[in-house]
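The structure under discussion appears below in the form of structure tokens.
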Amino acid sequence: MTAIKVSKFGASATAALLAGTMLSGIASAQTAPPAAKPQAAPQGAAAQAGAPQAPAPVVAPVTRTIKSLRVEGSQRIEPDTVLSYTKLRIGQAYTNETLDQGLRDLLASDFFADVSIAGVETGDIVIRIRENPVINRIVLEGNKRLKSEKITKEIKLAPRQIFTRTAVRQDVARIVELYRRQGRFGASIEPKMVALDQNRVDVVFEISEGPKSKVRQINIIGNEVFDDDKLREQMATKQARLFRLLSSNTSYDQDRMAYDQQKMRQFYLTEGYADFKVTSAVAELSPDKSDFIITYVVEEGPRYKFGDVTVDSSIRDFNNDALAKGLAIKKGDWYNAKLVESSVDSLSETAGLFGYAFTEVNPEFQRDRETLTMSLNFNIAEAKRSYVERIDINGNTNTQDKVIRREIRLSEGDAFNSFQVKRSQDRINSLGFFQEKFEIKQTPGSAPDRVVLTADVEEKSTGELQLSAGFSSLESFIVQASIRQRNFRGKGQELRASVNYSSYSKSVELGFTEPYLFDKNIAIGGDIFRRDYNSFNYIGNDRQTTYSQVSTGFQIRAGIPLTEYWSASARYGLTFDNVGLSSQYYTNGSCDVVKAGRYLCEAIGNRATSSVGYSLIYDSLNSRLRPSRGQRLVFSQDFAGLGGDVRYIRTRFDADKYWGLGSGFILSASLEGGYIHSLEGSRGKGIDKVRITDRFYLGEPEFRGFDIRGVGPRVQRIPYTTDASGKQILVTDKNQIIDDALGGRAYYSGRIELEIPLSAGARELGLRPSIYLQTGALFGITKPLPTVTFPVDDKGNFLSPLLLNDQGQQLYGITQADGGTLTTTCAVGIPDASGTCNGGGVNQILRNTAIQPFKEQFVGNSAKPRLSIGAGVNWTSPFGPLRIDLAYALLKDKGDDTKLITFNVGTSF
């Protein structure tokens, strides 16, 4: 260490405190007394050949007695405390060795920088000490990749402790090890000391972090069947390349290297190489400590096939041959260690179905190196049928016990059944009240045939308060406020309220659900709502509000289980709708069919819908929030006409299936469809029996790749223009075309989606990417009658419609002398004061030039499937749920509106 003079006031540099230990006054005390001068040998003695010489006398060590004992130089430490670290006492005899041991004992205490002893010859012993300084503070400099808090947790030095060189060296080693764990093998630490007054010091660790040591190359020697790239794919460690610039797996990690060896072995074992082994694994660091070269030496060995596969069960209830036939392993297939593991699990689960909770299944391998076969015998040890002794529930501080127990499919005293245990786990997970991947543990009970089921739950927040503002590609700016408690009062009840406001919709909703009415398996709930919705059409990319729909109503519902997976629900709803049009579509107080279209004028009015419905539900999902396994089927019908003004039958079905593919991949498939059949009579020619507000609509966000209401029947108004020759032609600019979606009476939609796993850090952020393929169609309404028929001139060009007065009479124009035009109903002549037409002049026919000729076409009413492909990501962001999609329509019909990129904030997905 280096002593540095650091002073706020410019004092001179202080001497380094790390001085060597010296012992004064010892040399003379440790010198033996001089031996007596030898006498001269007698004459003639030398002549006696072989005469032996007398041995040298042995000098005994000098011992003295301590007369007095005192300490000099102590500042913080009491003299008595200093003496307590030695065995020296007044009146005690001492030797040189005794004093040496005393010095060693004092230095071993780490309290002193220097120790010496004086007064050795007189017995008046004086112990002179220089105390180690006290640490004032620890300073870290140069650490950017590691936070100071993380380093200070690892080192032992701390303020107000005694400074020692040994502790400094140990802390330097600890900091270096921290950086090595981060892959920075070139990190160097230089400790320094700043002397302060009152024998205090600041300890400064100057850190040079250096670059992260990357894995430049991974070499594999001895592999013949699989090439290096194939084996590198199995490893977590990756070679540093430019396209892996942001990856953390390119740094060297000794633990990861051991994991990679295990992954290689697992890969070979699944490919039939049962004798595979890694004989050597070496990581070489480059001289500049910036790169590692890892070299594995492997022995692949021969490839084995499965031989005979048998089951030897000591449980009498089992048929060994039947169990062996039910295994996925077949004789002659290539050996696969994963199949062996899954077979063990399968046999254990089978035993659990029969009530054997703690069955041991041991695979016995018989390797034949001559025929290269691996025969297997699964030995099922004898076990007793188990019964549930008790069910313990721990960790539920808010949720009542009964909420959890009613989801458990076993009761205390029942025969154990592993399937029911797994089903119970799925049902508790589906509540959404507890941590993900919850498991019910099985432990032995008070007797060999007793099992204790333990549910250790970890509650998570079930209340949701959302105040958000966002932007949606569907509804422009959105303001949303909602509160929801999915576990109200810890009873599993759901209470919710929400307010939404956007440019095209406003709503207020209140709802409550009781899943177990009077502790019986009967669910009941209700909702009241007020929804204001503005429909719109497109003039190019601009939205124009068409009709507004204000719905006020309520719904009550109830549900009961039929079996473990089947349930039924019933509901009744009453809704009052008020449908109106914007004032721009009215002329003289009446809906103008030329401006709005017949289909919109037919929709306006007030009506009440009283409906009753039911649903049949099959649900085997392992979680209702984030399913990864199971299926859900829903068939529902609603009958409108129990009073009210609207009568129809609406039928819908929905099917979803999930597969966990392993490694976090989840494949899902969904299919849904619906049809609405009117129970009303004809409403006129060209008018569909089902009103436009009761029909189905298809598009964004349900059908990605298409705009909102972008699929299905629609009416397009395409204006005419004239070319250079004066001939009328239809405009091709989409921005000038009016597009009105009419909805449909029937639809279907299907989707296949693959959810792609991300790293643990990305999952914690709530990111869930996926790729998907979607298809669907909307169709089945009556073709509306043309809104207007335009007259044609002698050149074949369409003209604007005739100009009519409020009574529907044709208007004509008479040119005045001042250049103005007099409007009259007289086709010939001039009207007098009584309105009689006099004269023979033919007047000019007037036309409504405000309405330019257009072509009205009905398109999209086809069951032909539309198809889109895309990728998207869900993000549970701090601003609310966010969904971003990039989808491309591969198949579309004439008139469909496509959309490549969509995003929504603050809406459900």
Side-chain angles (χ1 to χ4, degrees), residues 220-227 230-231 233-235 258-281 296-386 416-419 422 442 448 659-663:
I220 305 172
I221 301 173
N223 54 312
E224 297 179 357
V225 180
F226 300 102
D227 58 23
K230 184 66 176 179
L231 296 181
E233 289 177 5
Q234 315 306 317
M235 302 178 186
Y259 175 75
D260 290 340
Q261 296 177 56
Q262 182 182 358
K263 291 291 291 183
M264 267 199 298
R265 175 165 173 75
Q266 289 177 354
F267 172 71
Y268 270 95
L269 289 178
T270 58
E271 296 294 333
Y273 295 90
D275 295 335
F276 172 83
K277 59 183 178 180
V278 179
T279 59
S280 174
Y296 296 104
V297 179
V298 302
E299 292 183 7
E300 294 178 320
R303 193 179 189 188
Y304 288 81
K305 289 187 176 182
F306 281 115
D308 295 326
V309 180
T310 58
V311 175
D312 183 10
S313 174
S314 300
I315 301 176
R316 296 179 180 179
D317 295 343
F318 292 168
N319 184 317
N320 293 338
D321 294 337
L323 289 176
K325 290 180 180 179
L327 297 176
I329 298 174
K330 304 300 178 186
K331 183 178 180 179
D333 291 345
W334 291 112
Y335 174 77
N336 189 326
K338 281 189 177 180
L339 288 180
V340 177
E341 292 179 6
S342 62
S343 297
V344 171
D345 294 339
S346 176
L347 291 173
S348 297
E349 289 180 4
T350 302
L353 292 175
F354 285 86
Y356 299 95
F358 304 107
T359 305
E360 292 185 8
V361 180
N362 299 312
E364 299 174 349
F365 299 87
Q366 298 176 359
R367 182 186 280 106
D368 191 332
R369 300 185 186 279
E370 294 183 1
T371 60
L372 296 180
T373 58
M374 183 76 73
S375 298
L376 281 171
N377 177 52
F378 293 94
N379 186 8
I380 303 177
E382 185 176 358
K384 291 186 177 182
R385 193 183 300 272
S386 302
F416 176 82
N417 188 301
S418 61
F419 173 78
K422 191 173 186 63
Q442 307 160 27
W659 297 270
L661 304 181
S663 302

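Sequence positions, counted from 1, serve as the residue numbers for this chain. As the structure is a computational prediction, the values presented were derived from the model and not from experiment. Values below: every heavy atom of this structure, side chains too, minus hydrogens, waters and symmetry copies.
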Would you compute the distance between atom [atom1] of [X] and atom [atom2] of [Y] and round it to the nearest 0.5 angstrom?
{"X": "Q366", "Y": "M374", "atom1": "CD", "atom2": "CE", "value": "10.0 Å"}
{"X": "F365", "Y": "S375", "atom1": "CZ", "atom2": "OG", "value": "11.5 Å"}
{"X": "I315", "Y": "T350", "atom1": "CD1", "atom2": "OG1", "value": "10.5 Å"}
{"X": "N223", "Y": "L231", "atom1": "CG", "atom2": "CG", "value": "5.5 Å"}
{"X": "E364", "Y": "L376", "atom1": "CD", "atom2": "CG", "value": "9.5 Å"}
{"X": "F378", "Y": "D312", "atom1": "CZ", "atom2": "CG", "value": "12.5 Å"}

| S346 side chain to S342 main-chain N or O, any donor-acceptor pair under 3.5 Å? | no
| said: Could you check whether any side-chain N or O of S418 sits under 3.5 Å from a backbone N or O of E349, counting only pairs where one atom can act as donor and the other as acceptor? | reply: yes
My understanding is that only residues two or more places apart in sequence, or in another chain, count here; which of them pass side chain to side chain contact (heavy atoms under 4.5 Å, CB included) with [X]?
{"X": "E299", "answer": "K277, T279"}
{"X": "S348", "answer": "V344, V361"}
{"X": "E233", "answer": "K230"}
{"X": "T371", "answer": "D368, T373"}

| Do you know the tightest heavy-atom contact between E382 and S314? | N-CB, 3.4 Å
| note | Heavy-atom nearest pair, F416 first then Q442, reads CZ-OE1, 3.3 Å
Compare all side-chain heavy atoms of [X] with those of [Y] and state whether any distance is below 4.5 angstrom.
{"X": "Y296", "Y": "I221", "value": "no"}
{"X": "T359", "Y": "F318", "value": "no"}
{"X": "N417", "Y": "L353", "value": "yes"}
{"X": "L269", "Y": "E341", "value": "no"}

| request: May I have all residue pairs that pass side-chain hydrogen bond (donor to acceptor under 3.5 Å, both in side chains) and include part of residues 320-338, sequence neighbours excluded? | output: D308-K331
| query | Any side-chain hydrogen bond (donor to acceptor under 3.5 Å, both in side chains) pairs touching residues 259-275, not counting sequence neighbours? | reply | T237-D260, Y268-E300, D275-Y304, D275-R367, D275-R369
